[in-house]
Amino acid sequence: MKKILVFAFFLSFITTFYGQKNSSLADSIRIQYKIPELAYAVVSSDSIFEIQSLGLQRYNSSYKAKIDDKFRLGSLTKTITSYIATLLVNQGKIKWNTKFFDLYPELKAKSNPATYNFTLQNFLTFRANLGIWSYGNETPTQNEIKGNNQQQRYQFIAWFLQQNPVLEKQPVYWSNPSYVAAGLMLEKATGKTYETLVHELGKSLDIDFDFGSPNLKDKKQPWGHDENLEPEKPSLNYKLNWLSSAGNINVSLPDYCKFTQMQLQGLLGKSKLLTAAEFNNMHYGLPDFAFGWEWEIKENNQLRYSFHNGTPGTFLTKVYLCTSINKAFILFANVQSEEADKGLMLLLGKLQQQYGG
């Protein structure tokens with residue numbers, strides 16, 4: 001109880017003293033771009049400059065946004081999976097060049113020969129030429145995949161590795177199944193489920209990571225919305241489980257701030273677990289997309305940003321880090337639409353201008 005009260009006081013403090021600077025601007029953008037709930041934060045490696053949650057958990061309802069509301073991260077999950085993988089490589093439990101079929105030899109014979117040499121690094125950096133697969137794909141069906149969550153992911157990737165790879169040469173192959181395969185490799189290397197690995201990480205960082213739609217366990221959490229502002233009812237989605245290590249984590253904005261601040265600390269050489277070189281490899285180690293992080297250099301000021309965007313169907317999430325100014329910008333919305341995305345990018349640009357980015 002004492003811990004809960006302290007946390008509540010902390011949230012009240014940071015909202016009162018740091019969260020109001022751009023509140024009116026953000027809310028006007030939220031309304032103009034039809035976003036039921038918009039949450040955003042600006043942080044450094046050791047401070048929170050702004051944090052705010054505005055609007056409604058559910059469109060056309062009386063459920064007001066709360067600062068500790070949870071959002072589905074979508075592909076921001078990949079930033080967490082890659083960090084776990086980096087820790088495990090550092091601990092010697094797996095190597096970047098470990099091949100998938102070194103750990104799952106029983107699946108090799110039925111898999112496409114083009115997949116035989118794919119490694120953990122190939123998967124996490126999107127250098128494995130696997131096809132695209134997401135929530136909208138109709139095959140395989142639920143009837144074809146059986147067992148508990150872990151067994152379903154195993155059967156899903158066994159099916160996927162039998163498919164034809166992408167033949168066209170590309171610098172990066174944006175493939176959710178690459179992260180499913182990577183998650184299975186981490187499970188085999190540790191003897192733990194992906195969910196257990198995430199919860200253990202959360203415990204070490206004092207972060208409450210969870211999975212699936214936030215409103216499934218608690219209807220007073222945000223509901224996701226489609227482009228027509230139709231709220232997504234609480235339901236189990238088997239495809240989300242298959243893609244757990246690619247895009248199924250949910251978390252509150254304050255908690256994802258902690259994860260992001262940890263990343264900034266690591267990039268600045270302040271981590272006790274990994275070196276600055278290991279963090280830099282994670283964020284910038286390969287062109288365009290490294291280990292869970294895209295990166296670019298802004299033409300107007302030559303600042304380098306690492307970033308990721310999540311689009312899990314009924315939520316939007318964004319995180320942008322710049323070590324040169326020791327700042328990170330995080331934006332969450334409980335709707336997925338082109339209009340909402342434009343609104344988040346507008347707010348991001350305004351915040352970057354104000355904070356030197």
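Computed from a predicted model, the values in this text were never measured in an experiment.
Residues passing the ring pair (Phe, Tyr, Trp, His ring centres under 6.0 Å) test with Phe209, sequence neighbours excluded: none. Under the ring pair (Phe, Tyr, Trp, His ring centres under 6.0 Å) criterion, Tyr135 pairs with no residue at all, not counting sequence neighbours. Scanning for ring pair (Phe, Tyr, Trp, His ring centres under 6.0 Å) contacts around Tyr320 gives Phe307, with sequence neighbours left out.
A salt bridge does not link Lys70 to Asp255: none of the charged side-chain nitrogens sits closer than 4.0 Å to a carboxylate oxygen. Salt bridge present: Arg153 and Glu187 bring a charged side-chain N and a carboxylate O closer than 4.0 Å.
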Practice problem: Just do the ring-ring contact (aromatic ring centres under 6.0 Å, His included) check on Trp133 and Phe156 with the steps written out, would you? | Solution: CA-CA 11 Å; Trp133 195 96; Phe156 168 76; 4.7 Å; yes
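More than 12 heavy atoms of other shown residues, nucleotides or ligands fall within 6.0 angstrom of atom NZ in Lys298.
Alongside Val166, the hydrophobic cluster contains Tyr173 (criterion: ILVMFWY side chains under 4.5 Å).
Pairs passing the ring-ring contact (aromatic ring centres under 6.0 Å, His included) check and including a residue from residues 322-346, sequence neighbours excluded, read Phe71-Phe332.
Residues Asn301 and Gly357 come closest through the heavy atom pair ND2-O, 3.2 Å.
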Please tabulate, for the side chains in residues 280-287, all donor-acceptor contacts under 3.5 angstrom to protein atoms that are two or more places apart in sequence or on a different chain.
| from | atom 1 | to | atom 2 | distance (Å) |
| --- | --- | --- | --- | --- |
| Asn280 | ND2 | Ala276 | O | 2.8 |
| His283 | ND1 | Ser306 | OG | 2.8 |
| His283 | NE2 | Gln263 | OE1 | 2.8 |

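Counting only N and O atoms by type, the side chains of Gln261 and Ser44 include no donor and acceptor under 3.5 Å apart.
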